[in-house]
Every structure is written in structure tokens, then in C-alpha cells.
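Every chain is numbered from 1, with letters handed out A, B, ... down the list of sequences.
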There are 2 protein chains.
Amino acid sequence: MPASPDLDDISFLGRLAEALSTRIEEQTRDLFADAGIVIPVRSCSLLTALRHAGEASAAELARTLGQSHQLVVQKCPALLRLGLITQHADPVDARRKLFRLTDEGAAQMALLDTYTAGISAVYERLFEETGDTHAVLLKTLKALDARPLRERVAAIP
Amino acid sequence: MPASPDLDDISFLGRLAEALSTRIEEQTRDLFADAGIVIPVRSCSLLTALRHAGEASAAELARTLGQSHQLVVQKCPALLRLGLITQHADPVDARRKLFRLTDEGAAQMALLDTYTAGISAVYERLFEETGDTHAVLLKTLKALDARPLRERVAAIP
DNA sequence: TATACAATATATTGCGCAATATATTGTATA
DNA sequence: TATACAATATATTGCGCAATATATTGTATA
């Protein structure tokens with residue numbers, strides 16, 4: 001829905017990145033709807049991590065995903081409501097609550113798997129059109145992490 | 001703060017774009033703080049449009065910016081509180097409320113102007129390192145607008 | 001003029017995220 | 001053992017945005 005941001009302003013790059021992010025999320029949601037996948041797009045990586053771990057606490061998932069613990073905890077109620085995961089007390093550490101995929105959750109991930117190769121192929125072809133968006137984004141992010149805008153601007157004569 | 005997203009998952013590109021967007025916003029905020037610029041980063045384009053228009057209603061600004069009218073309206077109270085803009089009833093159309101930059105708002109934009117060339121130079125040098133992030137993002141956004149992921153995936157044999 | 005419609009503004013709700021504070025439980029150390 | 005600290009979870013608040021509904025005012029048309 002949002003138009004491409006115009007360029008006559010200092011925040012053009014951030015707004016462009018945000019526009020791309022929201023566009024991809026919208027279109028992925030549409031794709032999922034077509035495919036009968038009920039996984040919230042923003043929880044894909046969480047469920048992938050959980051499938052890989054088998055069983056994990058919110059704190060573990062957060063570390064794996066590089067997200068905050070609070071954010072993971074905030075996503076879980078929706079996943080519980082959708083019947084994709086279950087929650088158990090850890091028998092050996094009462095501080096922890098462990099999450100697991102349900103059968104339904106595993107089935108949804110399996111359904112997602114059937115699209116993974118196709119989606120990867122789509123992105124590869126897209127990047128042939130546009131330049132390697134993935135590589136460029138990653139390089140830009142790393143460059144800004146290595147040396148933030150403030151330092152770069154301060155170094156201008 | 002958020003780490004670079006990992007890649008073993010279908011939402012990698014969206015998460016990467018979002019990470020870049022938030023990184024740029026954070027770093028621009030830091031830059032503004034150093035420079036004594038009190039403009040909210042996400043209102044830069046609004047104030048730029050308002051300066052250009054001289055005087056404009058929320059609906060006009062929304063059209064100019066390609067944002068929703070509601071979003072523009074939501075940003076204005078903060079800008080009023082900061083003393084950057086003022087609000088007036090339109091004498092010829094009672095539906096409209098017109099916004100203008102205050103002297104302080106104009107001064108802040110002038111202060112921002114003194115950094116614009118430097119920031120542009122920084123981005124140009126950054127893009128020499130990373131590939132032309134701006135062009136690649138724009139191309140990717142346009143490609144997805146022209147043909148959404150759903151169609152692209154459906155066309156895979 | 002009266003009525004329907006368009007344009008504008010406002011209010012409410014919800015999502016996803018960040019930041020902060022607090023409570024609970026486990027672990028290490030005096 | 002007692003105490004301090006670490007790890008984990010929970011609750012609250014706020015921001016920025018999207019979506020939706022409603023009220024108000026202007027404009028076009030019967």
C-alpha cells in the first residue's frame with residue numbers, strides 16, 4: 001500500500017528499507033494464505049529454531065534468534081492459540097518453561113517445507129533482475145555496524 | 001541491537017530489510033542528537049514536505065508523502081509539542097486544518113540542511129563499499145510491486 | 001432547495017517491537 | 001548455611017503503524 005518513498009530527504013534509505021520489509025511481509029502473508037499455511041510470517045524463524053531444537057525455553061530461542069527474550073515471549077501466546085506449540089514446565093529448572101511444536105505445528109512446518117525450494121528459486125531469479133539484494137543488504141548492515149553514520153559524518157572534512 | 005538475521009529461513013530478506021531500516025533510524029537519531037537536531041527522524045520527510053508547501057493540510061501532506069492521512073495526523077501532535085509546527089483553521093474550508101513550520105521549525109530544518117551534503121557524501125561512499133544499496137532496494141521494491149511473490153511462486157513449475 | 005456523495009478530520013483498536021521494572025528460582029561464594 | 005548474584009519469566013508502558021468506524025463540512029446533482 002505505501003508508495004515508494006521520494007528521495008529528496010535524508011531518511012530516504014531507511015524508508016526504502018522499511019518499505020521493502022513491509023512489502024515482503026505482506027506478500028509472504030498472501031503466499032501463506034494461498035498455501036494454507038497459518039504460521040504468522042514473523043514467527044517463521046522462531047518455529048524453525050524450535051523445530052531444530054526440539055524443545056527450548058524462551059530465553060534459549062531468543063539467543064538463537066538474536067531477538068530479545070521479551071519479544072519471543074510476546075509471540076508465544078498467538079502460537080499457543082493457533083495450536084502450533086505447547087508449553088511445559090521444565091522438571092529440572094522451575095524457572096524455565098519449555099516450548100515444543102505440536103503435531104499441527106510440525107505439519108505446518110512440513111507444509112512450509114514444500115514451498116521452500118520454490119521460494120528460494122523465486123528469490124534467486126529476482127536477484128538476477130535487481131542485483132543481489134540479499135548480499136547488498138547484508139554488506140550495508142555490516143558496514144554500518146562496523147562504523148556508524150555518526151562517525152562517518154564526523155570524518156567528513 | 002538486533003543481530004543480523006540468520007538465513008536458513010524463508011523470511012530472511014524481509015528481516016534483513018527491517019534490520020537495516022531500524023539500524024539506519026537508530027544511527028540517524030544518534031547523528032541528530034550530536035547535531036542538536038530535535039526533529040523526530042520519522043518526521044523528516046513530513047517537515048521537508050511542509051517546508052516546500054509552506055502551508056498544508058494533513059490530507060495534502062499524506063498525498064505528497066504517499067502515507068496515510070491517519071499516520072500524518074498521528075505525527076503532528078508531537079511536532080506541535082516540540083514547537084516545530086503550528087496548526088490553523090482554514091478560513092475558506094472549515095473541514096481543513098492547515099499546518100505551518102514555526103520559526104523554530106524552520107531553524108531546525110536549516111540546521112538539518114547544514115548536514116545534508118555531508119550525509120549524502122557518506123551514503124555515496126558507503127554505496128561504493130557495499131554496492132548501490134539505494135538502487136538495489138528500489139529495483140527490488142519495484143519488481144515486487146510489478147509481480148508479487150505469490151505470482152512468482154505460482155509460476156514455478 | 002434538498003439530497004447524496006466526496007473530502008477531511010478524529011477516535012478506537014490492534015500488531016509488533018523496545019524499554020523498563022519486578023518477581024521467582026537457581027548458582028556461586030563467603 | 002546464608003547471602004549475593006545470575007538467569008528466567010512476567011507485566012507495564014510507549015512508539016509507529018494499519019485498519020476501521022464515525023462525525024463534520026463542502027460539492028454536485030436531482
Practice prompt. Not counting sequence neighbours, which residues clear side-chain contact (heavy atoms from CB on, under 4.5 Å) with B:A35? List them please.
Written response: B:I37, B:Y115

Discussion item. Less than 4.5 Å apart, side chain to side chain, heavy atoms only: is that true for A:Q87 and A:L98?
Written reply: no

Response to the item:
Sorted by chain and number, sequence neighbours left out, side-chain contact (heavy atoms from CB on, under 4.5 Å) with B:H88 holds for B:T86, B:R100

Practice prompt. Report yes or no: do B:T133 and A:T140 form a side-chain donor-acceptor pair below 3.5 Å?
Written response: yes

Worksheet item: Looking at the side chain of A:H69, which of D:dT10, D:dA18, C:dA9 is the nearest nucleotide?
Response: D:dT10

Practice prompt. State whether the side chain of A:S43 and the backbone N or O of A:I39 hold a donor-acceptor pair below 3.5 Å, judged by distance alone.
Written response: no

Worksheet item: Using the benzene-type ring in the case of Trp, are the ring centres of A:H134 and A:Y123 under 6.0 Å apart?
Response: no

Discussion item. If we ignore hydrogens and angles and just use 3.5 Å, is the side chain of B:Q67 paired with the main-chain N or O of B:A62 as donor and acceptor?
Written reply: no

Discussion item. Applying a strict under-4.5 Å side-chain criterion to I, L, V, M, F, W and Y, I'd like to know whether A:L101 and A:V73 cluster together.
Written reply: no

Practice prompt. Take atom CZ of A:R15 and atom C1' of D:dC17, then tell me their distance rounded to the nearest Å.
Written response: 15 Å

Worksheet item: Between the side chains of B:T48 and B:S45, is a donor N or O closer than 3.5 angstrom to an acceptor N or O?
Response: no

Discussion item. Would you compute the distance between atom CZ of A:F99 and atom CD of A:E60 and round it to the nearest 0.5 angstrom?
Written reply: 11.0 Å

Item to complete: Provide, to the nearest angstrom, the distance between the CZ atom belonging to B:R63 and the C1' atom belonging to C:dA6.
Response: 12 Å

Worksheet item: Rounded to the Å, how far apart are A:L65 CG and C:dC17 C1'?
Response: 14 Å

Worksheet item: Atom CD of A:Q70 to atom P of D:dA9: distance rounded to whole Å?
Response: 11 Å

Worksheet entry | Bracket notation of DNA chain C in which parentheses pair within the strand, [ ] cross earlier pairs, and | pairs with another strand (Watson-Crick or G-U, under 3.5 Å) | ||||||||||||||||||||||||||||||

Discussion item. Near DNA chain C, counting only heavy atoms under 4.0 Å, which residues of residues 93-100 of chain A show up?
Written reply: A:D93, A:A94, A:R95

Pairs under 3.5 angstrom, nitrogen or oxygen only, protein versus nucleotides 14-16 of chain C, please.
| residue | atom | partner | partner atom | Å |
| --- | --- | --- | --- | --- |
| C:dG16 | O3' | A:R42 | NE | 2.9 |

Worksheet item: B:D90 CG to D:dT25 P: how many Å, rounded?
Response: 13 Å

Item to complete: Scan for side-chain hydrogen bond (donor to acceptor under 3.5 Å, both in side chains) pairs involving residues 147-157 of chain B, sequence neighbours excluded, and state none if there are none.
Response: A:E129-B:R152

Practice prompt. To the nearest Å, give me how far apart CG (B:L61) and P (C:dT8) are.
Written response: 12 Å

